[in-house]
> 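Here it is, the structure, as structure tokens.
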Amino acid sequence: TVRIIGDRKDFLYEPYRDEKKGVFGCAHLSGDKYIIEIFGAKLGNKIVFEPSTLGHEFWHVLSARDDRIANPDKLEELEK
């Protein structure tokens with residue numbers, strides 16, 4: 001499931017509701033399904049979002065499901 005939200009208070013994943021986190025999206029497990037939540041905004045009568053955020057969060061889902069896929073937040077650790 002992908003949710004496009006307009007305010008941090010709308011994150012289902014409570015730890016990311018805090019503005020100090022500074023995140024633009026998150027991917028988390030809810031029951032047996034992954035939920036991707038990303039910030040969006042209205043432009044005219046359409047919703048827009050940063051596509052790289054969606055890609056990054058989808059990468060987290062792939063990484064969680066298959067340990068052969070790197071965690072996108074820990075790539076620098078692979079270079080050591």
> Can you name the side chain to side chain donor-acceptor pair (under 3.5 Å) partners of Asp10, sequence neighbours left out?
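Listed in chain order: nothing, the list is empty.
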
> Output the distance between atom OG1 (Thr1) and atom CD1 (Ile36), rounded to the nearest 0.5 Å.
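Here the rounded value is 9.0 Å.
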
> Looking at every heavy atom in both Gly25 and Phe11, which two are closest together, and how far apart are they?
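Looks like CA-CZ, 4.3 Å.
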
> Show me the donor-acceptor pairs within less than 3.5 Å that the side chains of residues 37-48 make with the rest of the protein, sequence neighbours left out.
residue: Glu37; atom: OE1; partner: Leu12; partner atom: N; Å: 3.2
residue: Glu37; atom: OE1; partner: Tyr13; partner atom: N; Å: 3.4
residue: Glu37; atom: OE1; partner: His28; partner atom: NE2; Å: 2.8
residue: Glu37; atom: OE2; partner: Arg3; partner atom: NH1; Å: 2.5
residue: Glu37; atom: OE2; partner: Leu12; partner atom: N; Å: 2.7

> Roughly how far, to the nearest 0.5 Å, is OG1 of Thr53 from CD1 of Ile4?
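It comes to 11.0 Å.
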
> Any pair with a residue in residues 56-69 that passes salt bridge (Lys or Arg N to Asp or Glu O under 4.0 Å), sequence neighbours left out, goes on the list, sorted by first then second residue, please.
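Every pair satisfying salt bridge (Lys or Arg N to Asp or Glu O under 4.0 Å) with a residue in residues 56-69: Asp66-Arg68.
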
> Who passes side chain to side chain donor-acceptor pair (under 3.5 Å) against Ser52, sequence neighbours left out?
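Partners of Ser52 under the side chain to side chain donor-acceptor pair (under 3.5 Å) test: Glu50.
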
> Between Phe58 and Ile35, is there a shared hydrophobic cluster once you connect ILVMFWY residues whose side-chain heavy atoms come closer than 4.5 Å?
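No, Phe58 does not connect to Ile35 through the hydrophobic network.
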
> Could I get the full list of side chain to side chain contact (heavy atoms under 4.5 Å, CB included) partners for Ala70, not counting sequence neighbours?
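Only Leu75, Leu78 meet the side chain to side chain contact (heavy atoms under 4.5 Å, CB included) criterion with Ala70.
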
> Could you list the residues that satisfy salt bridge (charged side-chain N to carboxylate O under 4.0 Å, His left out) with Asp7, not counting sequence neighbours?
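Expected list: Lys9.
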
